[in-house]
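Written below as structure tokens is the structure these notes are about.
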Amino acid sequence: MSRLPFYILTGILMIAGIGMSIHRHVQFDVPWTPGEQRQVWEVEAQVSFDADNGPVIVDMALPSNQQDYRVLTENTASSGYGLSFLEDDRGRRAEWSRREASGTQRLYYSVQLLAAPDSRPPRSVRPELPETIVWERPYGTAATEIIDRAHQRSADPFTFTRELIREFTGDRQGENARLLLNEFERTPLFVRLLNEAGVHARSISGLLLEDGRRRQNLTTWLQVFDEDQWALYNPTTGEQGRPDNLLLWEANGEAVLEVEGGTNSDIGFSMIRHNQPAAAAVRNQLSTDTLLNFSIHSLPLEEQALFQTILLIPIGALVVVFLRVLVGIKTSGTFMPVLIALAFIQTSLLTGLIGFLLVVAVGLVIRNYLSYLNLLLVARVSAVIITVIAIISVFSVLSYRFGLNAGLTITFFPMIILAWTIERMSILWEEEGPKEVLIQGGGSLLTAILAYLAMNNPWVRHITFNFLGVQFILMSLILLLGNYTGYRLLELRRFKPVTED
């Protein structure tokens, strides 16, 4: 029978697992290793205004995911106000509303932003050019002369913008420039001149992030388009490029704050920077599951803690398959060592080993007595289960009385599995002798210890919990190991006499 479908299946599982893991790391900034730190900015916006003793509607622009920054959480404080988060052609906005308000009003909005240098900027839609631009005399003539001079010194929209701004700064600032600056605000003036020259541009608002700053205001920037590409310009200096600490708060050329039913509106910003574990920093964005972002972070914390342990079982299964198929170690029960390894995780390795050996040793002695009673299998195994429970209870009480609190963790052992292990070892003792019991018992303990070391590794725990694609990789590896039909490592000693000859 052709093995091609089998290898295709394992290949698909391997590729799917690797692809899902890489996608989560690149797209959602999930770290490969535990303990990594991420820089997080907390920015608070305070809106204040005087209400006119009537209905109030406050509309404020909100930041969105962008180059170098990704939104993690948002919170508001607005007692007595209704709040809606809207998203349309104007971008993301928050809208507060209230039927009646009077006096000074204050609304608060705070956002946590993850510093993500690898994130890509969102697609920005190029604004349309106005149909007509009307200048009053003598401003039209001055604008035309400035546009002509900048046009002669440029080659494309980006260089034209740079030369245009230079006409208004330094020694190159002439009478035409001073005339226009006396009548128009700087950034809207540049947008108007660029549109007059056929260049798509608009004014956007950004916040320069500096740790520990308070009462900061937004700054305006020029966004200039050349086909599908765009660039930012500082309207004061003419410098091209986006500063690393610039957060684009409003990037669609709309008003940052609009207040209906109030006057003297103002908005100020405070910010602080801190570091926190990367896994915690990205946890909120992982709570929304998609086909490629399927994770358990959307579950309650209690269930997440449960799955964090369950997802380690395939690691233990891979260790068992490797040791039994390739090495040839014998164990008492196929996957009993995995369950014992899980108990070791709860108890610690030394305490778990001592508890396991005590329970099994005492259980074998009692099981030996039960063999003389000639009980049926079901009754005998049930008696062994009750015996195991009694042994664990006695050991727990004694350890507590002697002040050995670590002994209380022996209750984490799987009692049914221990009972069946005692039953198998007792039968094996009767049929094969104590040597085979020691071989299989020692093999089980060795396998359980190795599985524990693999499952309790911080890197393994982090990878299995945060990258579910790893489960597909483990499945493909186990399938490949299951296809092995060669000699086991421990079987090679049969050929030792041949090498001696």
Side-chain angles (χ1 to χ4, degrees), residues 6 9-10 13-14 17 306-357 359-360 363-364 388 410 412-428 432 435-465 467-493:
F6 170 78
L9 173 62
T10 55
L13 290 173
M14 180 71 71
L306 174 63
F307 271 97
Q308 191 171 24
T309 301
I310 292 177
L311 292 173
L312 294 174
I313 294 178
I315 297 293
L318 178 63
V319 173
V320 171
V321 172
F322 176 81
L323 293 178
R324 293 198 57 164
V325 173
L326 294 185
V327 181
I329 293 179
K330 295 181 180 180
T331 61
S332 178
T334 307
F335 289 103
M336 182 271 288
V338 178
L339 299 178
I340 300 301
L342 285 175
F344 288 167
I345 292 176
Q346 303 295 331
T347 63
S348 79
L349 182 59
L350 181 60
T351 303
L353 277 174
I354 295 174
F356 177 80
L357 293 175
V359 172
V360 172
L364 284 174
V388 169
I410 197 174
F412 287 106
F413 277 108
M415 299 178 186
I416 304 299
I417 299 300
L418 282 179
W420 273 108
T421 300
I422 294 171
E423 177 67 19
R424 285 198 189 97
M425 288 186 174
S426 179
I427 295 176
L428 190 64
E432 304 290 340
K435 180 180 178 180
E436 190 65 24
V437 172
L438 292 176
I439 291 175
Q440 292 194 16
S444 298
L445 271 183
L446 176 62
T447 304
I449 292 173
L450 294 177
Y452 161 80
L453 295 176
M455 296 163 65
N456 201 44
N457 183 279
W459 184 82
V460 172
R461 296 173 69 92
H462 171 82
I463 289 292
T464 54
F465 181 68
F467 298 91
L468 289 187
V470 172
Q471 306 300 320
F472 292 105
I473 299 175
L474 294 174
M475 173 69 81
S476 65
L477 293 176
I478 290 175
L479 290 177
L480 290 173
L481 287 174
N483 196 43
Y484 178 75
T485 56
Y487 288 106
R488 293 171 174 83
L489 184 62
L490 294 180
E491 293 176 340
L492 298 180
R493 52 186 180 175

Would you compute the distance between atom [atom1] of [X] and atom [atom2] of [Y] and round it to the nearest 0.5 angstrom?
X      : Y      : atom1 : atom2 : result
Leu13  : Ile478 : CG    : CD1   : 11.0 Å
Ile439 : Ile329 : CD1   : CD1   : 12.0 Å
Gln471 : Ile315 : CD    : CD1   : 7.0 Å
Leu323 : Leu481 : CG    : CG    : 10.5 Å
Leu446 : Leu450 : CG    : CG    : 4.5 Å
Leu474 : Ile313 : CG    : CD1   : 12.5 Å

Any non-hydrogen side-chain atom of [X] less than 4.5 Å from a side-chain atom of [Y]?
X      : Y      : value
Met455 : Val460 : no
Leu445 : Leu357 : yes
Thr331 : Val320 : no
Leu311 : Leu468 : yes
Met14  : Leu477 : yes

(Q) Under the criterion side-chain contact (heavy atoms from CB on, under 4.5 Å), I'd like the reasoning laid out for Phe465 against Thr309: C-alpha separation, chi angles, the key distance, then a yes or no. (A) CA-CA 9 Å; Phe465 181 68; Thr309 301; over 6 Å; no
Atom pairs and distances, donor-acceptor, side-chain atoms in residues 335-345, under 3.5 Å, two or more places apart:
none

**Q.** Non-hydrogen atoms of Leu479 and Phe6 that approach each other most closely
**A.**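 Shortest heavy-atom contact: O-CZ, 3.2 Å.
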Q) Where do Ala451 and Gly316 come nearest, in terms of heavy atoms and distance? A)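 Reported closest heavy-atom pair: CB-CA, 4.2 Å.
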Q | Pairs involving residues 437-447, ordered by first then second residue, that meet side chain to side chain donor-acceptor pair (under 3.5 Å) (sequence neighbours left out) | A |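 Counting only pairs at least two positions apart or across chains, the side chain to side chain donor-acceptor pair (under 3.5 Å) contacts touching residues 437-447 are Glu436-Gln440.
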Q: Output all residues satisfying ring pair (Phe, Tyr, Trp, His ring centres under 6.0 Å) with Phe467, sequence neighbours left out; order by chain, then residue number.
A: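 Phe467: ring pair (Phe, Tyr, Trp, His ring centres under 6.0 Å) contacts with Trp32.
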(Q) For a side-chain contact (heavy atoms from CB on, under 4.5 Å) check, start with the C-alpha distance between His462 and Asn457, then their side-chain angles and the critical distance, and finish with the verdict. (A) CA-CA 9 Å; His462 171 82; Asn457 183 279; over 6 Å; no
